Engineer: 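I'd like to ask some things about the structure below.
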There are 2 protein chains.
Amino acid sequence: MKDVIENKLKLRSVKPTAMRLLVLQALLNEKKALSLNELETILEHADRTTIFRTLKTFQEKFLVHRVYDGSGMVKYAVCDDDCNCSLQENHLHFLCTKCSTTYCLKDAPIAIPTIPKGFKAKYANYLIEGSCSSCN
Amino acid sequence: MKDVIENKLKLRSVKPTAMRLLVLQALLNEKKALSLNELETILEHADRTTIFRTLKTFQEKFLVHRVYDGSGMVKYAVCDDDCNCSLQENHLHFLCTKCSTTYCLKDAPIAIPTIPKGFKAKYANYLIEGSCSSCN
DNA sequence: TAAGGAGTGCAATGCCATTGCAAAGTTTAG
DNA sequence: CTAAACTTTGCAATGGCATTGCACTCCTTA
């Protein structure tokens, strides 16, 4: 497991420090998009700022993507190994309004709609709000 | 024009106070999603709190909907008269990362993707980021 | 092994949404 | 017509979360 995580970092040219391994592991374990707060809770003794900066680094290296779920907090989810966070690679996110869990529904690719002339699309973020299977 | 706005309010059983007329007019004039800050700037002498609460009322009465564009600020856009903010009525939003304008692309209906078993969708919010025609 | 750079932690700041409370305005009952 | 009740508004304060500044530590490299 630790190897998998280290490889993921190496693949994106991010030095595998202790903190980075922890943050990435937490994100992989939870299998859902996590907010800074949630990560802080999971990684009990880690500093908020460090996590924040780690996530920033991860974003720049396409290791994670931000999810805007309208909860007021930005959440973070792990990218696929071959992801470049381009338009076509954006997938669906689902926010359960009961338990505040944000799911990355990678298997539900989203259609890029036609946009008006003169507009250029770069990123897509499709969010569905509702209730998840655990809450129903 | 004033009549149009008053009618919109009446239609949703919202008392047409001075502030409410102003806020709704501003939103209609601009033809794009506005943040609280932007509204505060447009309505020079209006109090931030009042605008906030006005928008809250509007939301409850389906006069406006919130737009989460990941800019960190919630934006607000006017609903169509027959809108109930239900899943099917959600439309596309476009954030220009250059001028920070958020457009409501009402003519680009969005497809509701199939979601996993056990999940129930309630609202949809589809955001495209890129650059708009004015900035290209 | 000393110097430079990267990573980390603490404390402080700042931005924006939201709430408490009191004043002003509006409606309603008597 | 008027007092009571409710609604709307404005000011001030609070609170949550993201972000930054600075100093310390660790790791790399010449």
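Naming: A, B, ... by sequence-line order, numbering from 1 per chain. Bear in mind the structure is a predicted one, so any value in this text is a computation, not a measurement.
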Engineer: Without decimals, in angstroms, what is the distance between B:His45 NE2 and D:dT9 P?
Structural biologist: 17 Å
Engineer: Mind checking whether A:Tyr68 and B:Tyr68 have ring centres under 6.0 Å apart?
Structural biologist: no
Engineer: State whether B:Arg53 places a side-chain N or O below 4.0 Å from either non-bridging phosphate oxygen (OP1 or OP2) of C:dT18.
Structural biologist: no
Engineer: What integer distance in Å separates B:Met19:CE from D:dT8:C1'?
Structural biologist: 10 Å
Engineer: Can you tell me how far C1' of D:dT9 sits from CG of B:Leu21, to the nearest Å?
Structural biologist: 15 Å
Engineer: How long is the line joining CG of B:Leu22 and P of D:dT8, in whole Å?
Structural biologist: 16 Å
Engineer: Do B:Leu39 and B:Val67 share a hydrophobic cluster (ILVMFWY, side-chain heavy atoms under 4.5 Å, transitive)?
Structural biologist: no
Engineer: Side chain of B:Thr49, base of D:dC11: donor and acceptor closer than 3.5 Å?
Structural biologist: yes
Engineer: Atom CE of B:Met73 and atom C1' of D:dT19: how far apart are they, to the nearest Å?
Structural biologist: 15 Å
Engineer: Reading DNA chain C from 5' onward, which residue's closest nucleotide shows up sooner: B:Leu36 or A:Ala18?
Structural biologist: A:Ala18
Engineer: Give a yes or no on whether a salt bridge exists between B:Arg48 and B:Glu40, defined as a side-chain N under 4.0 angstrom from a carboxylate O.
Structural biologist: yes
Engineer: Using the side-chain contact (heavy atoms from CB on, under 4.5 Å) definition, which of the options B:Gln59, B:Lys56, B:His65 pairs with B:Tyr76?
Structural biologist: B:Gln59
Engineer: Rounded to the Å, how far apart are A:Glu40 CD and C:dG9 C1'?
Structural biologist: 12 Å
Engineer: Can you measure B:Phe52 atom CZ to D:dT9 atom C1' for me and round it to whole angstrom units?
Structural biologist: 14 Å
Engineer: Decide whether A:Val74 and A:Phe62 are clustered together by the hydrophobic rule: side chain heavy atoms of Ile, Leu, Val, Met, Phe, Trp, Tyr closer than 4.5 Å, transitively.
Structural biologist: no
Engineer: What's the NZ-P distance between A:Lys56 and C:dG9, to the nearest Å?
Structural biologist: 17 Å
Engineer: Examine D:dC17: is either OP1 or OP2 under 4.0 Å from a nitrogen or oxygen in the side chain of A:Asn37? Give yes or no.
Structural biologist: yes
Engineer: Please state whether the phosphate of C:dA17, meaning OP1 or OP2, lies under 4.0 angstrom from any side-chain nitrogen or oxygen of B:Arg48.
Structural biologist: yes
Engineer: Under 4.0 Å between a side-chain N/O of B:Thr50 and OP1 or OP2 of D:dG10, yes or no?
Structural biologist: yes
Engineer: Please confirm whether the shortest side-chain N or O distance from B:Thr54 to OP1 or OP2 of D:dT8 is below 4.0 Å.
Structural biologist: no
Engineer: Closest to the B:Asp47 side chain: D:dC11, D:dT9, C:dA17?
Structural biologist: D:dC11
